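Note that this is a predicted model, so its numbers are computed, not measured. Sequence lines set the chain letters: A, B, ... in the order given, protein chains first and strands last, and positions in each chain run from 1.
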Amino acid sequence: MVQKGLTAFFEKFLTKESLFTDRKVLQSNYTPETILHRDAQIQQIAKIMAPALRLDKPSNLFVYGKTGTGKTLSIKYTTNQILEVASQRSMPLKIFYINCKLKRVADTEYRLIAQLCREFGKEIPPTGLPTDEIYRIFFDTIDKEKQVIILILDEIDQLVKKTGDEILYNLTRINAELHKSQISLIGISSDLRFAEALDSRVKSSLSEEEIIFPPYNAMQLQHILKQRGKIAFKEGVMDEGVIEKCAAYAAREHGDARRALELLRVAAEIAERNGFAKIEVRHIDEAEEKIEHDRIIEAVSTQPKQHQAILYSIVSIYIKRKDIIFTGEIYELYKGICHQVGLRPLTQRRVSDVIGELDMLGLINAKVISKGRYGRTREIQVSVPSSTIAKIKNILEEGLDLT
DNA sequence: GTCAATTCACATGAAAGAGACCACGGTCTAGTG
DNA sequence: CTAGACCGTGGTCTCTTTCATGTGAATTGACGA
């Protein structure tokens with residue numbers, strides 16, 4: 001009988017007033033017309049990049065800042081402006097933005113260079129060629145004509161963590177190999193200690209200039225939220241204190257503006273879906289819960305089988321005994337589960353790494369401790385709200401075909 | 001009682017293997033004129 | 001003669017295994033007071 005009501009539901013949905021006027025303003029890839037509280041940084045970036053307009057090579061730049069502090073946004077904004085000026089005078093200036101974290105796009109040396117070649121319109125197979133070959137193609141393509149290239153490498157810390165700093169070394173040396181063109185690099189990292197771990201030669205040439213993006217404070221977040229909210233929503237749909245609360249939540253999380261905007265958007269969606277004419281403060285709480293819940297569910301269900309089996313072991317021990325768990329226990333149970341579902345058990349070495357990965361995902365909380373005479377191990381706890389644990393267990397059971 | 005040595009139960013690192021995917025060049029085969 | 005099918009080689013990439021080494025404090029046992 002649900003079907004009968006469906007048409008009516010859609011009819012009603014259409015006639016119902018939406019809270020939004022422009023939903024995408026709150027999405028993370030939206031570029032606002034003015035960027036608040038980042039004037040100083042944008043100025044600096046502009047100063048550093050400006051020589052590109054005279055076809056000189058700008059200094060390499062390194063940008064630090066936690067997630068959601070407007071690094072990418074500011075860089076993109078500034079470079080777009082430069083590009084506009086340059087293209088008006090038809091100058092040979094090119095700017096490429098590459099996110100190194102994108103899986104299967106630019107997360108290895110080969111793929112990064114291949115991606116660059118593709119930006120230049122060269123067809124590069126996803127694999128199969130030697131890396132040197134790719135470099136050669138890249139050089140040849142770039143060096144055909146005189147031009148200045150600015151290469152923005154977002155989340156560069158991820159790339160280096162995965163593949164080592166050899167790439168950076170190669171990249172910084174590119175200029176020596178080029179005759180006509182010049183490349184300058186902008187690295188964006190959300191890890192503040194990233195540069196310390198680099199090879200000193202790479203470090204000095206890569207971070208000729210450095211800019212740090214401090215986290216937003218609660219007031220600044222409020223500004224940003226107000227600015228976006230004005231465009232995103234109809235007038236007067238935000239209840240008293242909504243913005244303040246959003247900002248406060250996000251400020252607590254190292255001033256992450258992306259988080260704040262997401263919170264606001266989800267809260268609005270919840271309010272709208274439940275037929276409220278206004279976003280109320282309690283919707284923010286609900287939104288926070290929903291975001292966290294969704295994040296966890298998503299993370300759990302996209303894990304590969306082995307990881308799921310390991311997580312399942314952890315969760316089932318935890319449910320039975322809400323206490324700290326040690327690696328050995330998990331491994332024993334895990335082996336049993338593998339047997340049950342016909343999976344080849346991994347070695348303990350690997351399981352140890354997987355536990356580390358699950359920790360990184362924030363699904364569990366693992367801390368290395370020494371129990372003295374009784375060895376050294378990880379102290380593991382499930383770090384998921386108890387309302388979600390049962391759900392996780394179900395997902396895992398389904399994923400593993402456990403009965 | 002004190003202190004260094006021992007010991008446990010893994011953690012952590014490095015290197016190498018397995019297997020999937022892929023490009024390229026050479027050889028073979030069948031169809032065509 | 002030529003297009004396409006079919007190898008073999010060599011490359012990347014991810015997930016693992018293997019082997020080796022590290023580690024921090026409870027415990028032990030020798031030692032001296």
Side-chain angles (χ1 to χ4, degrees), chain A residues 98-118 120-141 155-156 158-171 193 197-199 299-314 317-318 323-339 341-361 363-381 399-400:
Chain A
I98 289 189
N99 189 331
C100 305
K101 209 176 75 179
L102 288 182
K103 283 249 162 191
R104 304 184 184 284
V105 176
D107 57 348
T108 70
E109 182 168 19
Y110 179 95
R111 298 215 261 246
L112 177 68
I113 305 297
Q115 185 60 27
L116 280 172
C117 293
R118 266 180 229 122
F120 275 96
K122 286 266 172 188
E123 274 305 312
I124 302 290
T127 168
L129 296 183
T131 309
D132 318 2
E133 181 80 7
I134 301 293
Y135 266 108
R136 228 204 56 242
I137 296 175
F138 181 57
F139 284 141
D140 289 353
T141 332
E155 320 235 21
I156 199 170
Q158 304 285 326
L159 180 68
V160 172
K161 206 191 293 167
K162 249 193 81 177
T163 62
D165 51 8
E166 225 167 286
I167 308 170
L168 295 183
Y169 184 64
N170 289 337
L171 283 176
R193 287 163 297 125
L198 287 180
D199 183 290
V300 170
S301 49
T302 54
Q303 289 302 304
K305 280 217 162 170
Q306 292 287 2
H307 295 224
Q308 288 194 346
I310 292 164
L311 187 58
Y312 183 75
S313 317
I314 298 172
I317 295 177
Y318 188 76
D323 200 6
I324 289 162
I325 310 165
F326 300 113
T327 307
E329 272 177 280
I330 294 169
Y331 190 62
E332 284 310 307
L333 181 58
Y334 158 77
K335 276 196 290 191
I337 286 169
C338 280
H339 185 70
V341 293
L343 219 52
R344 203 171 48 82
L346 301 176
T347 50
Q348 181 150 328
R349 175 72 186 82
R350 179 65 186 138
V351 170
S352 176
D353 279 348
V354 172
I355 290 173
E357 285 166 39
L358 293 174
D359 182 34
M360 291 292 284
L361 280 171
L363 297 174
I364 60 175
N365 209 321
K367 203 170 78 191
V368 181
I369 53 142
S370 174
K371 292 189 293 172
R373 185 66 212 272
Y374 305 106
R376 217 167 115 83
T377 181
R378 274 198 179 95
E379 230 179 43
I380 297 159
Q381 271 179 306
L400 293 166

Report task. Considering just the side-chain nitrogens and oxygens of A:R378, establish if one lies under 4.0 Å of OP1 or OP2 belonging to B:dT12. Result -> yes

Query raised in the report: What integer distance in Å separates A:L358:CG from B:dA11:P?
Result: 13 Å

Query raised in the report: How many Å lie between CD1 on A:I124 and C1' on B:dC22, as a whole number?
Result: 13 Å

Query raised in the report: Reckon A:R349 touches a base, only the sugar-phosphate, or nothing at all at heavy-atom distances under 4.0 Å?
Result: base

Query raised in the report: Quick check: does any side chain N or O of A:Q308 sit under 3.5 Å from a backbone N or O of A:V300, one acting as donor and the other as acceptor?
Result: yes

Query raised in the report: Looking across every strand, which nucleic acid part, if any, lies under 4.0 Å from A:K367 by heavy atom: base, sugar-phosphate, or nothing?
Result: nothing

Report summary line: Assert: residue with more 5' nearest nucleotide on DNA chain B, out of A:V368 and A:P126, is A:V368

N/O donor to acceptor pairs below 3.5 angstrom from side-chain atoms of residues 341-350 of chain A, sequence neighbours left out:
{"residue": "A:R349", "atom": "NH1", "partner": "A:D353", "partner atom": "OD1", "Å": "3.0"}
{"residue": "A:R349", "atom": "NH1", "partner": "A:D353", "partner atom": "OD2", "Å": "3.2"}
{"residue": "A:R350", "atom": "NH1", "partner": "A:E357", "partner atom": "OE2", "Å": "3.4"}

Query raised in the report: Starting at OH of A:Y331 and ending at P of B:dC10, how long is that distance when rounded to a whole Å?
Result: 11 Å

Requested in this report: Whole angstrom is fine here: how far is it from CD in A:E379 over to C1' in B:dA9?
Outcome: 14 Å

**Report entry** salt bridge (Lys or Arg N to Asp or Glu O under 4.0 Å) between A:D132 and A:R136, worked out
**Finding:** CA-CA 6 Å; A:D132 318 2; A:R136 228 204 56 242; over 6 Å; no

Query raised in the report: Which whole-number value in Å describes the distance from A:I325 CD1 to B:dC10 C1'?
Result: 16 Å

Query - Polar side-chain atom of A:D107 near backbone of A:K101 as donor-acceptor pair, under 3.5 Å - result: no

Report task. Return yes if some donor-acceptor pair links the side-chain N/O of A:R118 with the main-chain N/O of A:I124 below 3.5 Å, else return no. Result -> yes

Query raised in the report: Looking for any heavy atom pair under 4.0 Å, which part of the strands does A:E133 touch: base, sugar-phosphate only, or nothing?
Result: nothing

Query raised in the report: Given atom OH of A:Y110 and atom P of B:dA23, what is their separation to the nearest angstrom?
Result: 9 Å

Query raised in the report: Rounding to a whole Å, what distance do you find between A:D359:CG and B:dC10:P?
Result: 17 Å

Query - A:A299 backbone acceptor or donor facing A:Q303 side chain under 3.5 Å - result: yes

Query raised in the report: Is A:E329 reaching over with its side chain to a backbone N or O of A:F326, donor-acceptor style, under 3.5 angstrom?
Result: yes

Query raised in the report: What is the distance, rounded to the nearest whole Å, between atom CZ of A:R350 and atom C1' of B:dA15?
Result: 15 Å

Requested in this report: Tell me, please, the opening and closing nucleotides of DNA chain C, 5' to 3', among those with an atom under 4.0 angstrom from a non-hydrogen atom of chain A.
Outcome: C:dG10 to C:dT28

